[in-house]
Amino acid sequence: MTVLVTGAAGFIGSNFVLDWLAQSDEPVINLDDLTYAGNLENLASLDGDARHIFVKGSIGDFDLVSKLLAEHQPRAVVNFAAESHVDRSIHGPEDFIQTNIVGTFRLLEAVRAFHGQLEKTAKNEFRFLHVSTDEVYGSLAKDDPAFTETNRYEPNSPYSASKAASDHLVRAYHHTYGLPVLTTNCSNNYGPYHFPEKLIPLVIHNALAGKPLPIYGDGQQIRDWLYVKDHCSAVRRVLEAGQLGETYNVGGWNEKPNLDVVHTLCTILDELSPRADGKPYKEQITYVTDRPGHDRRYAIDATKIERELGWKPAETFETGIKKTVQWYLDNQAWVANVTSGAYQNWVGKQYSA
Ligand code: NAD
Ligand code: TYD
């Protein structure tokens with residue numbers, strides 16, 4: 001038995017593979033194109049481990065994906081590969097369209113052809129799990145109920161629109177071709193190996209580097225935070241027991257305004273790694289121009305996955321965020337390599353095209 005995991009050199013995918021192989025000996029084929037967000041250092045602890053097979057390439061490469069499927073005969077494909085940063089999608093949406101929409105389409109095509117020729121038992125057991133986001137549902141007002149799986153799709157950024165399109169393709173491949181698909185829509189993740197362009201790792205990094213902590217607009221936008229290991233356990237659970245064609249919202253029941261998150265990070269850093277001048281890190285907070293089209297609030301109602309599959313997050317925000325800050329303090333070399341770009345040297349050496 002084998003699983004093919006795409007985008008597994010990124011933040012969530014690498015945590016997923018590390019957790020998977022900590023709990024099982026089932027090998028993982030990791031297909032990742034190593035964009036700026038892909039970092040094999042995340043998986044350095046698996047060097048020499050035959051259970052992890054890394055392949056550099058795109059989900060949009062039909063021939064490559066078809067070859068990998070034929071060669072390894074995976075029982076499942078878990079699709080994490082995506083362009084994932086909203087701000088980048090505002091500045092340059094093209095890559096988001098290519099990877100999230102066209103790439104997912106080509107991946108689905110290759111998987112459909114592979115699935116079509118499997119013998120009966122393998123065909124019945126095969127799963128395609130698509131990892132998506134709560135951002136496809138759009139923005140909530142302060143008192144709106146949290147997103148359920150039946151909320152209308154109302155994506156507002158090029159990122160969320162491209163993810164919404166990919167979700168629709170996955171759904172259509174189930175209804176039209178009978179592909180055995182599962183979709184998860186998760187809230188904002190945080191934890192180890194998070195690229196420091198996203199709010200939480202950026203604030204930790206900038207605080208320690210003595211740089212400003214940028215708050216977009218009034219900082220009262222609300223996100224629902226989930227510790228990345230909890231997202232990984234939800235994906236494993238949906239893969240194991242999810243109903244074909246169903247979608248599952250995954251969230252941590254942790255709605256927080258951005259400013260509160262940043263204050264919490266500053267307080268933890270004041271305690272674990274105080275500034276040399278003894279002043280609080282929150283003095284570095286700076287208000288900057290708001291993101292265009294900024295969604296005001298996301299909140300996930302994770303009742304369905306709990307009721308039907310018995311999944312619940314293990315971490316509260318308080319425990320998860322403390323672990324996260326400690327991880328960044330303990331892994332300053334990783335942060336330095338990411339921020340200097342040194343992590344990409346390996347790619348340059350291996351794939352000098
Ligand atoms: P990430 O940007 O850290 O990692 C994405 C990975 O995909 C990188 O390793 C990158 O090299 C790879 N990749 C990009 N284009 C590719 C392509 N064409 N072919 C193969 N690999 C490619 O993203 P992440 O935060 O780990 O998110 C993973 C998935 O989870 C995404 O689909 C994202 O939409 C979804 N998601 C993320 C969050 C979050 O808070 N980060 C929340 C909900 C859902
Ligand atoms: P981000 O981590 O980019 O995730 P997403 O946009 O997918 O929710 O941003 C989380 C929130 O933090 C979002 O409301 C934008 C805000 N934000 C800032 O205020 N300052 C920053 O420097 C960044 C990166 C984000």
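If you read the sequence from its start, that first residue is 1, and numbering goes on from there.
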Check: His52 vs Phe54 aromatic rings, parallel, tilted or perpendicular, using cut-offs 30° and 60°?
Finding: tilted
Checklist line | Lys256 bridged to Glu318 by N-O distance under 4.0 Å | finding: yes
Next item on the list: Identify which one of Thr148, Asn249, Asn151 satisfies the side chain to side chain donor-acceptor pair (under 3.5 Å) criterion when paired with Tyr137.
Entry: Asn249
Check: Any donor and acceptor pair, going by atom type alone, linking the side chain of Glu149 with main-chain N or O of Tyr248 inside 3.5 Å?
Finding: no
Check: Taking the six-membered ring for Trp, are His168 and Tyr153 ring centroids under 6.0 Å apart?
Finding: yes
Next item on the list: Give the ring-plane orientation class for Tyr193 versus Trp327, where under 30° counts as parallel, over 60° as perpendicular and anything between as tilted.
Entry: perpendicular
Check: Can you check whether Val131's main-chain N or O pairs, donor with acceptor, with Lys163's side chain at less than 3.5 Å?
Finding: yes
Margin query: Check for me whether Arg223 meets the cation-pi criterion with Tyr190, that is, NZ or CZ under 6.0 Å from the six-membered ring centre and within 45 degrees of the ring axis.
Written below: no
Notebook entry, point to check: Are Leu226 and Phe11 linked, directly or through other ILVMFWY residues, by side chains that come within less than 4.5 angstrom of each other?
Noted result: yes
Notebook entry, point to check: Sequence neighbours excluded, which residues qualify as side chain to side chain donor-acceptor pair (under 3.5 Å) partners of Glu240?
Noted result: Arg237
Next item on the list: Fit a plane to each ring of Phe317 and Trp225, take the angle between them on a 0 to 90° scale, and name the class: parallel (under 30°), tilted (30 to 60°) or perpendicular (over 60°).
Entry: tilted
Item checked: Phe114 ring center near Phe126 ring center (under 6.0 Å) -> yes
Notebook entry, point to check: For Gln326, does the CD atom have more than 12 heavy-atom neighbours from other residues, nucleotides or ligands under 6.0 Å away?
Noted result: yes
Margin query: Taking Thr133's backbone N and O only, do any of them form a donor-acceptor pair with Asn185's side chain (distance below 3.5 Å, no angle check)?
Written below: yes
Checklist line | Arg88 and Glu83: CA distance, side-chain angles, deciding distance, salt bridge (charged side-chain N to carboxylate O under 4.0 Å, His left out) verdict | finding: CA-CA 9 Å; Arg88 284 183 190 253; Glu83 288 292 336; 6.0 Å; no
Next item on the list: Could you give me the CA-CA distance, side-chain angles and deciding distance for Lys198 and Ser84, then say whether side chain to side chain donor-acceptor pair (under 3.5 Å) is met?
Entry: CA-CA 10 Å; Lys198 307 273 171 79; Ser84 70; 3.0 Å; yes
Notebook entry, point to check: Taking 4.0 angstrom as the limit, do Asp32 and Lys56 come out as a salt bridge?
Noted result: no
